[in-house]
There are 2 protein chains.
Amino acid sequence: MYKKKLFEKFISFTASVHTTTHNITKGAKPSNISQVQYKILELVSISQPMTPSEINDCLNMSMPNTSRELRLLSEKKLIEKTLDPDDRRKQYIGLSPEGKDLITDAFSIIESRFSDRIQHLSENELQEVDQALDFLQKKLFQ
Amino acid sequence: MYKKKLFEKFISFTASVHTTTHNITKGAKPSNISQVQYKILELVSISQPMTPSEINDCLNMSMPNTSRELRLLSEKKLIEKTLDPDDRRKQYIGLSPEGKDLITDAFSIIESRFSDRIQHLSENELQEVDQALDFLQKKLFQ
DNA sequence: TTATTTAGTTATCAAAACATAACTAAAGGA
DNA sequence: TCCTTTAGTTATGTTTTGATAACTAAATAA
């Protein structure tokens, strides 16, 4: 059946994405932060600012663990917490200047690997890649 | 610049894929195996048979760790090892019947979640999804 | 035949990640 | 007011994962 095939394609696709992300990212993260800590910084850099709960949900963690990792990042001066004036239970997490620098450095390594990967593609193919990323993110990966 | 935008889209896309995979997969893995062990079974189920070295490379592990996880999976009777008759250093890893059952069960949970996710898409959009998956896997995720 | 390389294993240790319980403090409702 | 819910924290223990060194055994090249 058609949907079965599509499902298999989906499984194989996500496995490839995982492998590729791992390869393209490896070595870009500085060794003084852990993998989850890097993921948090990356996430926050994409959609700043976020609350701990939102980070928790996006990265599928548990609040105690999220809280601890945020504390560690905060102790390393890589993020900054600000309280919501309207609801003082909430806080917003943003990157500190040092955190921004860290992500900038990491992204520049990753971006150069990404460039290598797309360098042989034609203008047309690049546009198709662009559209496919948009389309899948919207329709399948929300 | 155009490529910069594409890169940002790539980062955001891969983050979404990770979140979605995690959500769609959560609870599908039985609790008696670990995450990497599940990943190994999933991988082997996609491209059976594989050598330990190949598994090692795909999942970006180190040989000692791959070897340990394969031993544990083997002890749980979820995989089977067969020696290459032409090169007796090599071995091929395949799923045992129990391993196949495990993956079948997990996939049926994941597949039903996948169905929920694509159910509101039209025939046309489904075809576009199919093509986009093919295209990106080939051009970007190798 | 004697290196050398390849494929995989065993042992051990450390770090990262995960899970649970018990907690504070603010907000919102009855 | 009191109760409940929401947002986040602290403490603690366990499991998973990762890293390194030292190893076997087969294949291959010199």
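Sequence lines set the chain letters: A, B, ... in the order given, protein chains first and strands last, and positions in each chain run from 1.
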Point-to-point distance, once rounded to the nearest 0.5 Å, from [atom1] of [X] to [atom2] of [Y]:
| X | Y | atom1 | atom2 | answer |
| --- | --- | --- | --- | --- |
| K76(B) | N32(B) | NZ | CG | 6.0 Å |
| D130(B) | F135(B) | CG | CZ | 14.0 Å |
| L43(A) | I55(A) | CG | CD1 | 6.0 Å |

Roughly how many Å is it from [atom1] in [X] to [atom2] in [N], rounded to a whole number?
| X | N | atom1 | atom2 | value |
| --- | --- | --- | --- | --- |
| Q91(B) | dA7(C) | CD | P | 12 Å |
| Q35(A) | dA16(C) | CD | C1' | 10 Å |
| D57(A) | dA7(D) | CG | P | 10 Å |
| I93(B) | dA7(C) | CD1 | P | 14 Å |
| R89(B) | dA7(C) | CZ | P | 6 Å |
| N56(B) | dG18(D) | CG | C1' | 12 Å |
| E69(B) | dT9(C) | CD | C1' | 14 Å |
| M63(A) | dA21(C) | CE | P | 17 Å |

Looking at the side chain of [X], which of [options] is the nearest nucleotide?
| X | options | result |
| --- | --- | --- |
| S62(B) | dT6(C), dT20(D), dT6(D) | dT20(D) |
| V36(B) | dA27(D), dG18(D), dC18(C) | dG18(D) |
| R71(A) | dA26(D), dT10(D), dT17(D) | dT10(D) |
| P64(B) | dT10(C), dC18(C), dA25(C) | dT10(C) |
| D87(B) | dC18(C), dA27(D), dT9(C) | dA27(D) |
| S67(B) | dT10(D), dT9(C), dA17(C) | dT9(C) |

Hey, does T51(A) reach any base, or is it just sugar-phosphate, or nothing, if we go heavy atoms under 4.0 Å?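 It contacts sugar-phosphate atoms only.
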Checking all strands, does N60(B) fall into the base, sugar-phosphate, or nothing category for heavy-atom contacts under 4.0 angstrom?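 Answer is nothing: N60(B) stays at 4.0 Å or more from every strand.
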Would [X] and [Y] show up in the same hydrophobic cluster when neighbours are defined by side-chain heavy atoms closer than 4.5 Å?
| X | Y | answer |
| --- | --- | --- |
| I11(A) | I118(B) | yes |
| L121(B) | L133(B) | yes |
| L70(B) | M63(B) | no |

So F7(B) and F107(A), would you call those rings parallel, tilted or perpendicular, with 30° and 60° as cut-offs? perpendicular
Under-3.5 Å donor-acceptor pair between N65(A) side chain and dA19(C) base: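 Between dA19(C) and N65(A), which were checked side chain against base, a qualifying N/O pair under 3.5 Å is present.
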Does R68(B) contact dG18(D) through a side-chain donor or acceptor facing the base, at a distance under 3.5 Å?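 Yes, the side chain and the base share a sub-3.5 Å donor-acceptor pair.
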Of S31(A) and D86(A), the one whose closest DNA chain C nucleotide lies more 5':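 Looking at the nearest nucleotide for each, S31(A) comes out on the 5' side.
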Can you work out whether R88(A) or L70(B) has the more 5'-proximal nearest nucleotide on DNA chain C?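 Per heavy-atom nearest nucleotide, the more 5' residue is L70(B).
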With a 4.0 Å heavy-atom cut-off, tell me which residues in residues 72-85 of chain A come close to DNA chain C, sorted by residue number.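 Within residues 72-85 of chain A, no residue comes under 4.0 Å of DNA chain C.
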At less than 4.0 Å, is any side-chain N or O atom of S34(A) found next to OP1 or OP2 of dA15(C)? Yes or no.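 Negative; the distance criterion is not met.
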Please check: side-chain N/O of T66(A) versus main-chain N/O of P52(A), any donor-acceptor pairing under 3.5 Å? no
